[in-house]
Amino acid sequence: MKTLKEIHKELISKEKSVREIVNESIEIIKSHEKRVNKDLDEAENINAILGLFSQEFIDEQVEKAQKMIDEGHANLFTGVPIILKDNILVCGEIISAGSRMLENYVATYDSSVVAKIKESGGIILARANMDEFAMGSSTENSAYGVVKNPIDTSRVPGGSSGGSAASVAYGAAPLSLGSDTGGSIRLPAAFCNLVGYKPSYGSVSRYGLMAMGSSLDQIGPFANTVEDAEAFFDLISFHDPKDATSLKDEFRNKEINLKKKIGIPKILKDESIRKGIEKEILEDFETQILKIKSAGYEVVDVDLPNIDKALAIYYVICPAEVSSNMGRYDGVRYGLSIPGKNTVENFTNSRTAGLGDEVRRRILLGTYILSAGYFDAFYNKAVIAREILKQEFQKAFVSVDAIMTPTASIFPWKFGEKSDPLAMYLADIFTVPANIIGSPSISIPTKKRENLSENILPIGIQLTGDILEDKKLFKIAKEIEAIIQK
Ligand code: GLN
């Protein structure tokens, strides 16, 4: 897999043109995607890509990038193919959020991250399959079929940004964007042996991202290395007046003081918790701790007494926000519309035909949680618990730089193995806290790609930093990456 710098070098040395780099990506996509290449054998089909963007749009970007290079204005992203999760708007292109509801929906404006990539001369090439409206952990909830894990095609790639992860993992592009509401970047990164980064809440604009849980959602990168993920984060992280929760730029220049101290939640010592984690993942985690210690880091236990409530908090706040965000897909304003005898019937027909089971489940859950009489019992309690969790993490970050856990407690499962939605929700046990507290969080693979096989599955380690300390987290993550992959 080529890194960003390697591609950049090929381009500015004129060893390759932008057109050649883009065509290489398209060829790789064609050898993995039936939707793009009808002649492909079904066994080869990963189904990570829902479509290449229109030829006209790709050509326009290629020409612009080549011109930037020829005139000496290239940056690291100029001419580099990038894949987007299918919930990030690109003006004039179909963006469906993995849903039948938006099968033919053409975006009417660019998301702010897309505008920034365009400005840099990066090539927005294709849209990636995902769990419908980003609800899921395996990409089995897409209306357009499951995505296979390129490392073992009988297994899921993780979700909800499974297509963004799988496509980068098989080499379609060096970078992609996903969105992470409760782990949807980090979990697929761990399952596909990539680096996946969930930025601090407010550091990347959500303008033009189809909302799932508005107080939890962040757009973030998938990459082969921490360095590439950081470079991509630096590009897409800026103050955006179009997003009311976008942070001002000051925090980006914060001074970095490393304590060289990593915290491990005490709860990972509990037998009841350990039982829920695959033995090999625990062993790998302990091996990494030893390596990190011998590289000069101090590793200490941190007390986060309420971290075991994180999933419960998430599965109250998230569906509540989902039910309100999904209200706009009513068969009138956006997408699919199936007329009935009256407005209510229009509404029912369109939503019944347009939305899948998991989305409906979340709307029902969220509506219940927000209904009179239950609002105080569920929603308000979760909001209070969220504050408590935030304070517990704040306290921990006084003494440690980052908190480390495995990214996932389980290996990528085989298709259909988790048919019970609750079993699926449990897959996010380590990832949801960062979204609840707004912290940056990264998943780093512990194994080298070349050592993986159907018998040796990937494992990710997750580092979570204090809110707004994204640059500090990247600094540690680069060091840890070098230590654990040795
Ligand atoms: N798996 C989690 C959920 O289904 C997280 C989804 C996400 O991060 N978009 O809610």
Side-chain angles (χ1 to χ4, degrees), residues 84-88 97-99 128-142 146-147 156-165 176-192 196-199 201 204 206 209-222 310-326 355-366 369 382 386 407-410 412-413 418-443 460 462 464:
L84 300 182
K85 187 172 181 177
D86 190 36
N87 59 356
I88 299 173
S99 180
N129 203 352
M130 57 183 277
D131 280 311
E132 186 175 12
F133 286 104
M135 297 170 209
S137 305
S138 62
T139 321
E140 292 170 289
N141 295 338
S142 166
V146 300
V147 177
V156 303
S160 65
S161 317
S164 304
S176 66
L177 285 181
S179 64
D180 191 313
T181 304
S184 280
I185 294 175
R186 290 159 288 154
L187 189 73
F191 281 12
C192 293
Y197 188 68
K198 198 279 289 181
Y201 185 77
V204 175
R206 291 181 296 114
L209 166 71
M210 290 183 194
M212 177 184 168
S214 305
S215 76
L216 306 155
D217 298 339
Q218 272 293 280
I219 295 174
F222 287 94
L311 264 184
I313 299 171
Y314 177 82
Y315 277 99
V316 171
I317 291 178
C318 179
E321 293 183 5
V322 163
S323 76
S324 121
N325 279 324
M326 294 301 295
L355 302 176
D357 288 351
E358 185 58 31
V359 175
R360 287 193 228 174
R361 185 175 298 119
R362 302 281 175 115
I363 295 172
L364 287 172
L365 265 172
I369 287 162
R386 182 181 199 170
T407 308
S409 56
I410 38 176
W413 56 88
K418 291 205 187 298
S419 47
D420 170 15
L422 284 182
M424 181 94 80
Y425 296 172
L426 272 174
D428 304 325
I429 189 150
F430 293 127
T431 52
V432 295
N435 303 75
I436 294 173
I437 63 173
S439 266
S441 187
I442 189 165
S443 178
Q462 177 180 258
T464 299

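When a ligand or atom number is given, it counts from 1 through the structure's own listing order.
Here's the thing with Ser179: none of its N/O atoms is less than 3.5 angstrom from an N/O atom of ligand 1. The N/O atoms of Lys85, backbone and side chain alike, include none that comes under 3.5 Å of an N/O atom in ligand 1.
Ligand-side atoms of ligand 1 in range of Gly182: 5 (C), 7 (C), 8 (O), range being under 4.0 angstrom from any heavy atom. Taking every heavy atom of Gly136 and a limit of under 4.0 angstrom, the matching atoms of ligand 1 come to 1 (N), 2 (C), 3 (C), 4 (O), 6 (C). Per-residue contacts place Tyr315 under 4.0 angstrom from the following atoms of ligand 1 (heavy atoms of the residue considered): 2 (C), 3 (C), 4 (O), 10 (O). Every atom of ligand 1 with a heavy atom of Asp180 under 4.0 Å away is listed here by number and element: 8 (O). Each of the following atoms of ligand 1 lies closer than 4.0 Å to a heavy atom of Ala134: 6 (C), 7 (C), 9 (N). Each of the atoms 2 (C), 3 (C), 5 (C), 6 (C), 10 (O) of ligand 1 lies under 4.0 Å from some heavy atom of Tyr314. Ligand-side atoms of ligand 1 in range of Met212: 9 (N), 10 (O), range being under 4.0 angstrom from any heavy atom.
Under the 3.5 Å distance criterion, with hydrogens and angles disregarded, a donor-acceptor pair is assigned to the side chains of Asn325 and Ser214. Side-chain atoms of Ser99 and Glu132 form a donor-acceptor pair, as typed in the model, at a separation below 3.5 Å.
In this structure, the protein non-hydrogen atom closest to atom 4 (O) of ligand 1 is Arg362 NH2, 2.7 Å. In terms of protein heavy-atom proximity, atom 9 (N) of ligand 1 is closest to Ser184 OG, 2.7 Å.
Note: Tyr315 and Tyr425 have parallel aromatic rings, judged against thresholds of 30 and 60 degrees for the angle between ring planes.
Between Met424 and ligand 1 there is no heavy-atom distance shorter than 4.0 Å.
For Thr431 (side chain) and Gly182 (main-chain N/O), a donor-acceptor pair under 3.5 Å exists by modelled atom type. Here the side chain of Asp131 pairs a donor or acceptor atom with the backbone of Asn141 at under 3.5 angstrom.
When each of Leu177, Asp180, Ile442 is tested with Ile185 by the rule side chain to side chain contact (heavy atoms under 4.5 Å, CB included), just one qualifies, namely Asp180.
For Asp428, every heavy-atom contact with ligand 1 shorter than 4.0 Å involves the side chain, none the backbone.
Within the 4.5 Å cutoff, the side chain of Met212 has no heavy atoms near those of the Ser184 side chain. Side chains of Trp413 and Ser137 form a contact here, defined as non-hydrogen atoms less than 4.5 Å apart.
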Problem set entry | Steps toward side chain to side chain donor-acceptor pair (under 3.5 Å) verdict (Asn435, Arg186) | CA-CA 11 Å; Asn435 303 75; Arg186 290 159 288 154; 2.6 Å; yes

